Engineer: 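Submitted below is the structure of interest, expressed as structure tokens.
Each chain gets a letter, A, B and so on, in the order the sequences are listed, and its residues count up from 1. Please read all numbers here as calculations on a predicted model, not as lab measurements.
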Number of protein chains: 2
Amino acid sequence: MFTPQPNDMWIRPISLKLDPPSLKDNTADVDRLVKALRRELGTPKVLAAFTLAAELPKRLRDAHYQVDALVYEDQDVWTVFAAVPRSESPADVYGLALDLGSSTLVLRLVDLATGRIAAERSFNNPQIEIGPDILTRIHYAGQKQGLTRLQRLVVDRLNREIAAAAAENGVSPERLAGLSVAGNTVMTHLFLGLDPYWICREPYIPVINTLPITTAGSLGINIHPAAPVYIFPNVGSYFGGDLIAGILASGMTERDETAFLVDVGTNAEVVVGNRDWLMACAGAAGPALEGGVASMGMMAAPGVIDKVVIDPETRETRIHTIGELPPIGICGSGLIDLAAQLFLAGMIDLRGKFVREACGDRLIELDGIRHLTVVEPEASGTGKPLYLSQPDIDALIRSKAAMYTILTTIGNTVGIPLHAVERFYVAGTFGSYIDPRSAITIGMIPDLPLETYVSLGNTSLEGATRALLSAGARRESHAVRDRITYLELNVNQEFMNLFSAAKFIPHTDRSLFPSVGGA
Amino acid sequence: MFTPQPNDMWIRPISLKLDPPSLKDNTADVDRLVKALRRELGTPKVLAAFTLAAELPKRLRDAHYQVDALVYEDQDVWTVFAAVPRSESPADVYGLALDLGSSTLVLRLVDLATGRIAAERSFNNPQIEIGPDILTRIHYAGQKQGLTRLQRLVVDRLNREIAAAAAENGVSPERLAGLSVAGNTVMTHLFLGLDPYWICREPYIPVINTLPITTAGSLGINIHPAAPVYIFPNVGSYFGGDLIAGILASGMTERDETAFLVDVGTNAEVVVGNRDWLMACAGAAGPALEGGVASMGMMAAPGVIDKVVIDPETRETRIHTIGELPPIGICGSGLIDLAAQLFLAGMIDLRGKFVREACGDRLIELDGIRHLTVVEPEASGTGKPLYLSQPDIDALIRSKAAMYTILTTIGNTVGIPLHAVERFYVAGTFGSYIDPRSAITIGMIPDLPLETYVSLGNTSLEGATRALLSAGARRESHAVRDRITYLELNVNQEFMNLFSAAKFIPHTDRSLFPSVGGA
């Protein structure tokens, strides 16, 4: 848990006991509040949000001039936007952090004074009903009312979740004093109602990278309408605020040690750096790593296979499912496990092709394509067998090869060979399910001591939380953005050579993977 | 005409030729614009208004990346809020200055680059239909929907006038880049939809004195919706932004010379000061000085008597009317002229009572009250005689006595006897119609050489214009506000003694008015 420091909070409640007005001191209500805040904050740059004025006279009189003023800072100017009846200290004022994923949104309700996470809610991005992939949504945004509909879908759903989280924790919406959002560039555009049209067209120009603080009301977010909304800046069309948030959460820019940070997904996003420098690149890894294309591939959910162990002698396959329910499919981490175990048991070869002798009866042909029966119908949650096809493995190998090639390329560029990497952060919820041992076995990530790998979980959400609670973290997110050197991946001959070499399990150059046994 | 200095303009068009995006430079559209403005403005503190983002991509591409960016400064932070196709220099971008009077609004359309006044429109405050006086409007504001209605009335009318002024000058609304407003405290509150309830109740607390810059859109003003609206700060319930604007327009705070500034109206508002200090007070003078209570009293309009000359020998009365039409009433300045001429002709005595012998047949009694026929029915524009009643003169004398007493009191407080005043500014449209010679004759203002008096016309409008065009003037308006010492007028025995002495024409102490002849 990140503990906010009072002087570092850019959204703050400030408890005030104002002198009531008198004939000797007939300062106007708003001016009285602002004057007291100038004293408390030690700066003349304090303004009142215009929307506060109308309600303030009654608020002050009802509360006998003892209120918690809610303020936020932007560009060294503090804005007071609310005055709520003074509470016992510490004031119970909350903020929200949002991981704005293209598949899943995760929302945190955070006590601003203590950093305590009061609630966390995860839910599907309702834009999935328009299209599961980003390109479909970009296309839809260009249609009449499309952009508005995409924005409304996500904002409406978010409002429902906010209301539920607030109600469950007995928090009134007017005490929700800020929102921090980390998403990729396209998700950020759609959230703001900005057309991502030019993002996917050469030369790939977002509408905006560095977003001004805006108010919840102007975005239709049902917290205090004048509360600030902070949105992480993007580096470019293919490197978004979610990754900046990830860098922030990793703390890699605070240390001398050079670390790798990788976010595994449809895009493989890699950052390398330390206190002094940062280099990033992103490349298409394909959806295979997320289990998105395999015949039995599914997103992580109850009944989905997430771990596989195959006895190399008997080739008996033991599976584990989320919630330990009968299996209905496999997620990306399960697929990586399965491929690694198949390789170690000699059931696929170094090109990833099924080995008939080792697979035995479990290998069948359907429409001329080889399939391995992973789960028999009687053990399956669907009543049907679960298969892994040859094309599923082929796709996985292309994806893992792309990932390894991207890592090699950025390592070469910064002059750090992969075997010398001291710290390797794995970002993202999906990444946290991957067993590094299996990922090494299939040659997706370098063969480093397992303790080198640190899974950080949902770094986008964690970074958003920090930026909500800390002015320093918010500033750092901009400093990170401005400091990153973005490496454009040139898919040239050298890249293709590396890629071809990585399309083996674990690699054509076995010396790179000394710890991996098998065929 | 006030000529803006390019570096002093806080609302500015900035002509930009941006480099079009490329694969080598895929900076986002908004960031590209902001980056260029940071360079032009020489500060990193440049933000984009969130509302600009949605429209910018098309704007930039349509204009081939050559645009006039409209920016404004607040708290040392520049906000870019519009990008319009680049025009020939100087860019034709306009602002509006508004004198928000309780009776009359005056609107100016001003070329921001040159300060040229392209149009000026004067129109009644439509809130008059709710009540001509401020107290009625305050009361109405407390009723259901009353406040909203009062605000809508004035905003709707203002929008109609803005649209007409813009259309007549071929200016598109999106090139109206700012509004500056000077009004008294209550008018300012009603304009903003703030309830003035506590302004007229002890201890007389406005909702707000120092107003943040807000946007036109949030107030429903139909100029560029993200354009800034500057509203003059108030000193308190009875000393409003219109007077701050007046001080600004007079330039008295730029000089060593100590000057008096007086705004004549229902309230007599007086400011004394120079570069180093400022003292102000306001007191009720009654509506008589504006002609508001006399039986034939009217606001200045065609057919209204504005000047009167009476031959002291023949007592023949010659009148002048606005537009030289048959007379239908008399305005305040005409009333002051009339009273002075009646006194000099011996038709009223030093107590302001009609002198029967001098008035002759023209003095009649109606309902037991003496009336002087000023215009015979056959000369009148109404077909009826125009009368001046004894109570009309009595009211005028109380008002002029209040004015003189207030002047004496503040003069005594600052240690400047009235006969030593070097410069005496008369502010306000109404004030500019007053003949100082007549006002001296009735003892309303001190008997100073006529060249001491300088009529400044509509200082509220002029101040608003300067604050629109000049960051320095805008800053100065706040400095003035913070520097003013407000003198609370104690209606004590001393004040009443001074008042009683001033209730004669010109005064009980004739030595104070050596230039005045007559009885």
Engineer: Between Thr27(A) and chain B, with a heavy-atom cut-off of 4.5 Å, which part of the residue counts as in contact: side chain, backbone, both or neither?
Structural biologist: backbone
Engineer: Given the options Asp29(A), Asn234(A), Thr210(A), which has more heavy-atom pairs under 4.5 Å with chain B than any of the others?
Structural biologist: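 Among the listed options, the one with the most contacts to chain B is Asp29(A).
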Engineer: If I measure from the heavy atoms of chain A, does Ile213(B) come under 4.5 Å with its side chain, its backbone, both, or neither?
Structural biologist: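 Answer is neither: Ile213(B) stays 4.5 Å or more from chain A.
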Engineer: Counting heavy-atom pairs closer than 4.5 Å to chain A, which one of Pro233(B), Gly193(B), Ala53(B) comes out on top?
Structural biologist: Ala53(B)
Engineer: Please flag which part of Leu219(A) lies under 4.5 Å from any non-hydrogen atom of chain B: side chain, backbone, both or neither.
Structural biologist: side chain
Engineer: Under 4.5 Å heavy-atom distance to chain B, tell me which part of Leu33(A) shows up: side chain, backbone, both or neither.
Structural biologist: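 It is neither, since no heavy atom gets under 4.5 Å.
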Engineer: So which part of Glu202(A) gets closer than 4.5 Å to some heavy atom of chain B, the side chain, the backbone, both or neither?
Structural biologist: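 Side chain of Glu202(A) only, per the 4.5 Å heavy-atom cut-off to chain B.
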Engineer: Where do Pro203(B) and Ser22(A) come nearest, in terms of heavy atoms and distance?
Structural biologist: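 Minimum heavy-atom separation between Pro203(B) and Ser22(A): CB-C, 3.4 Å.
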Engineer: Does atom CZ (Arg39(B)) have a neighbourhood of more than 12 heavy atoms from anything else shown, all under 6.0 Å?
Structural biologist: no
Engineer: Exactly one of Asn209(A), Ile205(A), Val235(A) should register a side-chain contact (heavy atoms from CB on, under 4.5 Å) with Asn26(B). Which one does?
Structural biologist: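 Exactly one candidate clears the test, Ile205(A).
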Engineer: Could you tell me which portion of Val207(A) (side chain, backbone, both or neither) has an atom closer than 4.5 angstrom to a non-hydrogen atom of chain B?
Structural biologist: both
Engineer: Examine whether an atom of Ile208(A) lies under 4.5 Å from a heavy atom of chain B, and if so say whether it belongs to the side chain, the backbone or both; otherwise answer neither.
Structural biologist: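 Backbone plus side chain of Ile208(A), per the 4.5 Å heavy-atom cut-off to chain B.
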Engineer: Working note: Phe50(B) + Leu192(A), criterion side chain to side chain contact (heavy atoms under 4.5 Å, CB included); need CA distance, chi angles, decisive distance, verdict.
Structural biologist: CA-CA 9 Å; Phe50(B) 181 68; Leu192(A) 298 172; 3.7 Å; yes
Engineer: Does any part of the side chain of Asp76(A), heavy atoms only, come nearer than 4.5 Å to the side chain of Val77(B), both counted from C-beta?
Structural biologist: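 When only atoms from C-beta onward are counted, Asp76(A) and Val77(B) do not touch, as no gap falls below 4.5 Å.
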Engineer: Is it the side chain or the backbone of Leu23(B) that comes within 4.5 Å of chain A heavy atoms, both, or neither?
Structural biologist: both
Engineer: With a 4.5 Å cut-off on heavy-atom pairs, point out which of Lys45(A), Arg32(A), Glu55(A), Lys24(A) contacts chain B the most.
Structural biologist: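 Among Lys45(A), Arg32(A), Glu55(A), Lys24(A), the one with the most close pairs to chain B is Lys45(A).
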Engineer: Based on non-hydrogen pairs under 4.5 Å, which of Pro206(A), Ser218(A), Gly236(A), Pro212(A) is most in contact with chain B?
Structural biologist: Pro206(A)
Engineer: Taking every non-hydrogen pair under 4.5 Å, which of Tyr486(A), Tyr197(A), Trp198(A) racks up the most with chain B?
Structural biologist: Trp198(A)
